[in-house]
2 protein chains.
Amino acid sequence: MKTRDKILLSSLELFNERGERNVTTNHIAAHLAISPGNLYYHFRNKSDIIYEIFLEYEKLVDFYLDIPEDRAMTLADMTFYLESVFDGLWSYRFFHRDLEYLLDSDQRLRQDYREFTQRCLTAINRIFERLAEAGIIEAQPEALRAAMSLNVWLVVTNWMAFLKTAHAEETYANLTLNELKQGIYQVLTLELPYLTPAYRDRVLELREQYRPTLSDQEEAAPELSRVASR
Amino acid sequence: MKTRDKILLSSLELFNERGERNVTTNHIAAHLAISPGNLYYHFRNKSDIIYEIFLEYEKLVDFYLDIPEDRAMTLADMTFYLESVFDGLWSYRFFHRDLEYLLDSDQRLRQDYREFTQRCLTAINRIFERLAEAGIIEAQPEALRAAMSLNVWLVVTNWMAFLKTAHAEETYANLTLNELKQGIYQVLTLELPYLTPAYRDRVLELREQYRPTLSDQEEAAPELSRVASR
DNA sequence: GTATTATTAGAGTATATACTCTAGGGAGTC
DNA sequence: GACTCCCTAGAGTATATACTCTAATAATAC
């Protein structure tokens, strides 16, 4: 593998593990057992590394959220979107942690991320539209659908931060992908009131599969899971 | 005013304006025109300053979310809770920005914030319960109410970060309290499906007052101030 | 082969940051 | 005056951090 790619890979790994703020370019170089000079031969600065990682993230999510228009949407499609989005969040989880600082430090990133958010919101909106066409949820006025899409986005992008704060002693690294995917339970909660009678039970069943389990949560926030599973 | 209090006040101001990461203890001292030595006479370190500011924040929100149990809850009560919570978020807005780093750096804060989150979730849950008792929303099973409360929390605590990313050129400091309060529109969107027929129109009307408008992006929304000073 | 280009090492630097240390001022008390 | 206590100034420090510079080595082209 090219040194350049190794730098990107190691950076992502270290950022995810320790948080961007706690990872210096010297750390990255040391982790790869290369010199700082070598690192700076491939990247002008730390921001450039982060920006390239963002481009990968963007590409991944854009790929996941590509919506086929040639056939009716299914529950399986919806599940795929949800799973994929949380997979993406997991793989690039450092990103949302220091989002505001990163955007303040890099104008390109700021602009790109803004457009990325817009595309995601549009995609969520379109998914709701297609779910309505497929008879899975009731059709809603555009204004409501837009507000609902935004709420989905807010829940999805904040779920990880919430999980982290719900943990007591463990650090950032102690989250698991499975815990993260319990965010799907929260997203499906948003959809519940709009489900058609024909699909309501099936979605409820699907939702149950993501319900925070005792064993997962007990270490983290015992009193929460008791409430949530009552 | 005591130097100690001035330090807390200036720190909060600078943190809110520039972000905690961009504000050093030397900046704070310089801003107050006192010596670093003086600052460190009053606080052992930067973490201690942040922790004390958090205690103020916690106190404020706990005060706002105290729920009277001696009378039925009203729409005015709900409006008050929403307005208050966003006021609190605004006044201590630096906090959620660097939340994960702050919690990683200070065990006390981590523990306290975790309990604080739990109290907030319990309060939101109780508000839903009381709204149902008052006939404003339909009663829901406890499990659903818990999931809904969590979604409210996620939307509320992530709304500001979203607004920041939605802005194109402006920096952190360019947010306004009025824009922030459009988050109320999003929270009320969550409640919509559960409203009783008797209250549905009134809540819809209330919600309209917080709807994001085009003019809001450039100037403060005049109609919001009326609600704010109920 | 030689010339050129791409890559790498590693020492080094300017700046920033959190924090320390010593000396002393001012106010109250005896 | 002298003593005490609280507060303050300001120079200073150890460490970290992002990044640079030079020289050498490997790869490729001719």
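Within every chain, numbering begins at 1; the chains are lettered A, B, ... in the order of the sequence lines, protein sequences first and strands thereafter. Just so you know, these numbers use all the heavy atoms, side chains as well, and skip hydrogens, waters and symmetry mates.
- A/M148 has its side chain out of reach of A/L190: every pair of non-hydrogen atoms, C-beta onward, lies at least 4.5 Å apart.
- One can place CD of B/E20 at 12 Å from C1' of C/dT17, the figure rounded to the nearest angstrom.
- Under the 4.0 Å criterion applied to side-chain N and carboxylate O atoms, B/R119 and B/E58 are assigned as salt-bridge partners.
- For the pair A/N26 CG and D/dT15 P, the interatomic distance rounds to 16 Å; values are reported in whole Å.
- Atom P of nucleotide D/dA18 and atom CZ of A/R21 are separated by 12 Å, given to the nearest angstrom.
- Residues from residues 39-55 of chain A with heavy atoms under 4.0 angstrom of DNA chain C, sorted by number: A/Y41, A/H42.
- Note: NZ (A/K6) to C1' (C/dT7) measures 12 Å, nearest angstrom.
- Side chain of A/R126 to main chain of A/A123: no donor-acceptor pair is present (N/O by atom type, distance under 3.5 Å, no hydrogens or angles).
- The A/T24 side chain lies nearest to D/dT17 when the options are C/dA9, D/dT17, D/dA11.
- Straight-line distance from the CG atom of B/N38 to the P atom of C/dT20: 15 Å, rounded to whole Å.
- Screening A/T3, A/L9, A/D5 for a side-chain contact (heavy atoms from CB on, under 4.5 Å) with A/I7, the sole residue that qualifies is A/T3.
- Geometric assessment of A/R108 against the ring of A/Y51 yields a positive cation-pi assignment under the 6.0 Å and 45° thresholds.
- In plain terms, the two heavy atoms of A/N125 and A/A146 that are nearest each other are ND2-CA, 3.5 Å.
- Distance, A/H31 NE2 to D/dT17 P: 16 Å, rounded to whole Å.
- Rounded to an integer number of Å, the gap from B/L32 CG to D/dG10 P is 15 Å.
- In the set D/dT17, C/dA18, D/dT8, D/dT17 carries the atom at the smallest distance from any side-chain atom of A/H27.
- Across all strands, A/A29 comes closer than 4.0 Å to no nucleic acid atom at all (heavy-atom distances).
- Taking the centre and axis of the six-membered ring of A/F128, the NZ or CZ atom of A/R145 falls outside the cone set by 45° and 6.0 Å.
- Each of B/V23 and A/S35 lies near DNA chain C, and the nucleotide nearest A/S35 is the one positioned closer to the 5' end.
- Straight-line distance from the OH atom of A/Y101 to the P atom of D/dT17: 12 Å, rounded to whole Å.
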